[in-house]
Amino acid sequence: MSPRSVRHNGPTDMVTPNVAPTDAAPLSSLPAIPSLPIVRGLPWLLSPEGILNRLLALSEEFREVGAFRAPMPDDREPIFVCSIAWATEICDETRFEKVLDGPLVNIRDFAGDGLFTAHSDERNWHLAHRILSPGFSMTSLERYFPAMVSALEALIAHWRAARAPVDVVRDMTRLTLDTISLAGFAHRFDSFASPELHPFLQSLGRALQESVDVLQRPSLFAPLFRARRAQYRRDIDTMFSLVDEVIRERKSQPQDRWPQDFLSLMLSQPDPKTGELLGDENIRYQILTFLVAGHETTSGLLSFALHQLARDRALFARVRAEVDEHFGDRTPTMREVLGLDLVKRTLEETLRLWPTVAAVTRAPKEDTVIAGRYAIRKGQPLGLLVNAVHRDPAAWPEPDRFDPDRFLPEPSKSRPNGAYKPFGIGRRACTGRHFAMIEAMLALATIVREFDFDDPGPLVQAPTVSAKPKGFRLTIRRRA
Ligand code: MNH
């Protein structure tokens, strides 16, 4: 046995060992959920609220260890990480990097080598990261703020005219889609003008769902799903044609008339390092990436936040008081929105309890040992259950209680790095996080200023890729 050098790391007393993998326990000694032939762990993973909520429930049993194996019907055997100690270790970018596993591999069918689904070593990731990051700076966000205001006005008008309970998830989805497409490529879906979801959105929704559903099908049953696969290919075609048309349209306009949006940025900004431009196919993927990564996530966040506010009268009153004090009846500026401290902490706490991206995947860059004990091979996918880590009592006392004050500066300081990851990790973290927060803060503040809510009853979640409440109808009234 080689001598172990163990060092203590941060406030959790986490142990990062420095031992040869041969010294450690094999991965097979990590606890696993039960498994059967063919369907493997499936019977233990199914739930009306979706696999990620099921994994969250299973996490309780494995929190002490910090992770567990889950044999999947498609023969993968991902490891799921559910403790802050493991999460903090995995956030170390010198040892771990993003890898594509599960749904992301399939989403690559339509998001290609766009930022979200690019491999960590892919050339276009570096190129697009350098070109697009400045587009998310505070100065750039000021430019998109009017698009956020404009999309929100349509929602407010729609809700003012509502005579029946509103379908919150559908309307938040319309809002965030209209916002990102206006800011991203000056396209007005005008979603509130029609009762139906735009065909593009129907295709996107179905394709996203298929990209997870396919993972829960034993390969033996694949022939039963030919129609679903054909629909999937048609949906991808539909999405490509809309986006390609938008790009063609833009290029046919004289450049001095182009609007200041992400599409113009992508078509005209060369990479500061190499001087190269993004190719047309990559631009198509980036636009689809913004739509995939940037609208259901934010709409889920807003839906959960509204559900919480509709149940929690005291918090509702505090939030409304803050909004009244900051900008009363006026349309706020972006700076004023950013000053809404309680609104921000309410959204942060919402993302703790219901992170809309409930899991992200990382893998070791070299063979390694985790938690001082388990030998993990280079490239072995580790699914970080963000939803489970966010409820680890190690840093979240009374984890199931909604309390925005957890995000006051003082308590936030003492939390380990891995405790809160709603926007992912390190250089592969969410590019759109500030965009999303500003958009959500503006919308939540304005809705609370304008409307009173009835209690919608207990929260039930939908089994969708990105988390959202299920069947959430809200009775709203103009503010008394
Ligand atoms: Mn977003 C990556 C969560 C809104 C664009 N986003 C990620 C990741 C998480 C995430 C988690 C990391 C995934 C991984 O590690 O595999 N994103 C969110 C949440 C919201 C959100 C919770 C809203 C709330 N995201 C947005 C918006 C946009 C956007 C809005 C665009 C305008 N996100 C991205 C892009 C990436 C990403 C682009 C990929 C970044 C990269 O890998 O370079």
Side-chain angles (χ1 to χ4, degrees), residues 52 87 90-91 93 96-105 107-108 111-122 124-133 135-136 140-141 144 147-148 151 172-173 175-177 179-185 261-263 265-266 282 285-305 344 347-348 350-363 381-387 389-390 420-441 443-444 465-468:
L52 286 160
I90 281 163
C91 287
E93 293 191 277
F96 299 89
E97 64 183 0
K98 170 164 170 165
V99 292
L100 304 184
D101 190 46
L104 284 202
V105 175
I107 291 173
R108 208 178 141 95
D113 58 0
L115 283 172
F116 185 59
T117 43
H119 296 288
S120 288
D121 57 2
E122 213 160 1
N124 268 346
W125 180 82
H126 294 269
L127 192 67
H129 181 75
R130 285 190 299 261
I131 293 176
L132 287 171
S133 296
F136 287 95
S140 305
L141 293 178
Y144 308 129
M148 295 179 186
M172 292 305 118
T173 305
L175 171 68
T176 53
L177 175 83
T179 306
I180 190 68
S181 41
L182 204 52
F185 45 104
D261 58 10
F262 282 102
L263 179 55
L265 180 79
M266 287 189 275
N282 186 260
Y285 287 140
Q286 302 298 357
I287 290 181
L288 280 168
T289 296
F290 284 2
L291 291 167
V292 168
H295 97 277
E296 288 232 297
T297 46
T298 314
S299 74
L301 163 62
L302 277 166
S303 302
F304 284 116
K344 176 151 179 276
L347 290 164
E348 287 172 333
T350 302
L351 282 174
R352 182 183 70 83
L353 282 169
W354 306 287
T356 48
V357 178
V360 298
T361 305
R362 290 295 182 274
L382 304 164
L384 178 63
L385 290 174
V386 177
N387 56 1
V389 169
H390 284 182
Y420 186 65
K421 290 285 154 205
F423 290 107
I425 302 165
R427 62 183 199 130
R428 296 302 302 268
C430 180
T431 326
R433 58 191 301 169
H434 300 300
F435 184 102
M437 282 308 274
I438 293 168
E439 177 186 12
M441 286 168 77
L444 195 66
V465 197
S466 75
K468 56 179 84 159

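The model shown is predicted, which means the values in this text are computed figures rather than measured ones. Both ligands and their constituent atoms are indexed starting at 1 by order of listing.
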| said: Could you tell me if the side chain of F136 sits less than 4.5 Å from the side chain of F262, heavy atoms only? | reply: yes
| said: For atom 25 (N) of ligand 1, what is the closest protein heavy atom, and at what distance to 0.1 Å? | reply: C430 SG, 3.1 Å
| message | If you measure every N or O of E439 against every N or O of ligand 1, does any of those distances drop under 3.5 Å? | response | no
| message | Taking distance alone, with N or O pairs closer than 3.5 Å, would you say L115 contacts ligand 1? | response | yes
| request: Give the residue, atom name and distance (to 0.1 Å) of the protein heavy atom nearest atom 18 (C) of ligand 1. | output: F423 CD2, 3.7 Å
| task | Examine ligand 1 and decide if any of its atoms is less than 4.0 Å from a heavy atom belonging to F262. | result | no
| field | Polar atom proximity, T361 to ligand 1 (N or O, under 3.5 Å) | value | no
| query | Taking all atoms of both residues into account, what is the closest heavy-atom pair of T298 and A440, and its distance? | reply | CG2-CB, 4.3 Å
| note | Checking V386, V465, N387 against L52 for side chain to side chain contact (heavy atoms under 4.5 Å, CB included), the one that qualifies is N387
| task | In plain terms, say whether R352 and E348 are close enough for a salt bridge, that is, a side-chain N and a carboxylate O under 4.0 Å apart. | result | no
| task | Evaluate the ring planes of Y144 and F435, with Trp represented by its six-membered ring, and classify them as parallel (under 30°), tilted (30 to 60°) or perpendicular (over 60°). | result | tilted
| Could a heavy atom of Q286 be found less than 4.0 Å from some atom of ligand 1? | no
| Which residue and non-hydrogen atom of the protein lie closest to atom 40 (C) of ligand 1, and at what distance in Å? | T431 OG1, 3.3 Å
| field | Atoms of ligand 1, numbered as shown, that sit under 4.0 Å from any heavy atom of F116 | value | 2 (C), 13 (C), 36 (C), 37 (C), 39 (C)
| Does H129 reach ligand 1 with a nitrogen or oxygen that is under 3.5 Å from one of the ligand's nitrogen or oxygen atoms? | no
| query | For ligand 1, which atoms have a heavy atom of W125 less than 4.0 angstrom away? | reply | 41 (C), 42 (O), 43 (O)
| request: For A429, take its heavy atoms, then give the atoms of ligand 1 lying under 4.0 Å from any of them. | output: 40 (C)
| query | What heavy-atom pair brings T173 and S299 nearest, and what distance separates the two atoms? | reply | OG1-OG, 3.4 Å
| message | Suppose we measure from atom 22 (C) of ligand 1 to each protein heavy atom; which comes out shortest, and what is that distance? | response | T356 OG1, 3.4 Å
| task | Please report the shortest heavy-atom distance between A467 and P355, naming the atom on each side. | result | CB-O, 4.0 Å
| note | Nearest non-hydrogen protein atom to atom 15 (O) of ligand 1, with distance, is R362 NH1, 3.3 Å
| Test item: side-chain donor near acceptor, E97 and S120, under 3.5 Å | no
| Minimum non-hydrogen distance to atom 42 (O) of ligand 1, winning option of R428, H295, K98 | R428
| atom 32 (C) of ligand 1 [closest protein heavy-atom partner, distance rounded to 0.1 Å] | I180 CD1, 3.3 Å
| Which ligand 1 atoms, with their elements, are less than 4.0 angstrom from a heavy-atom of F136? | 32 (C)
| field | For E296 against K468, the heavy-atom pair lying closest together | value | OE2-NZ, 2.9 Å
| message | To check you understand the geometry: which heavy-atom pair defines the closest contact between H390 and K421, and what is its length? | response | NE2-N, 2.9 Å
| task | Kindly check if the number of other-residue, nucleotide or ligand heavy atoms within 6.0 Å of NZ (K98) is above 12? | result | yes
| note | Per-atom filter on ligand 1: closer than 4.0 angstrom to a heavy atom of P422 are 3 (C), 11 (C), 22 (C)
| request: Could you tell me the separation between the NE2 atom of H126 and the CG atom of L115, rounded to the nearest 0.5 Å? | output: 11.0 Å
| task | Would you mind checking which non-hydrogen protein atom is closest to atom 4 (C) of ligand 1, with the distance to 0.1 Å? | result | T297 OG1, 3.4 Å
| said: Please find the pair of heavy atoms, one from S466 and one from T297, that lie closest to each other, and give the distance. | reply: OG-N, 4.4 Å
| remark: Quick note on ligand 1: atoms under 4.0 Å from a heavy atom of L301 include exactly 24 (C)
| query | Can you list the atoms of ligand 1 that are under 4.0 Å from a heavy atom of G424? | reply | 11 (C)
| note | shortest atom 27 (C) of ligand 1-to-protein heavy-atom contact is with G294 CA, 3.3 Å
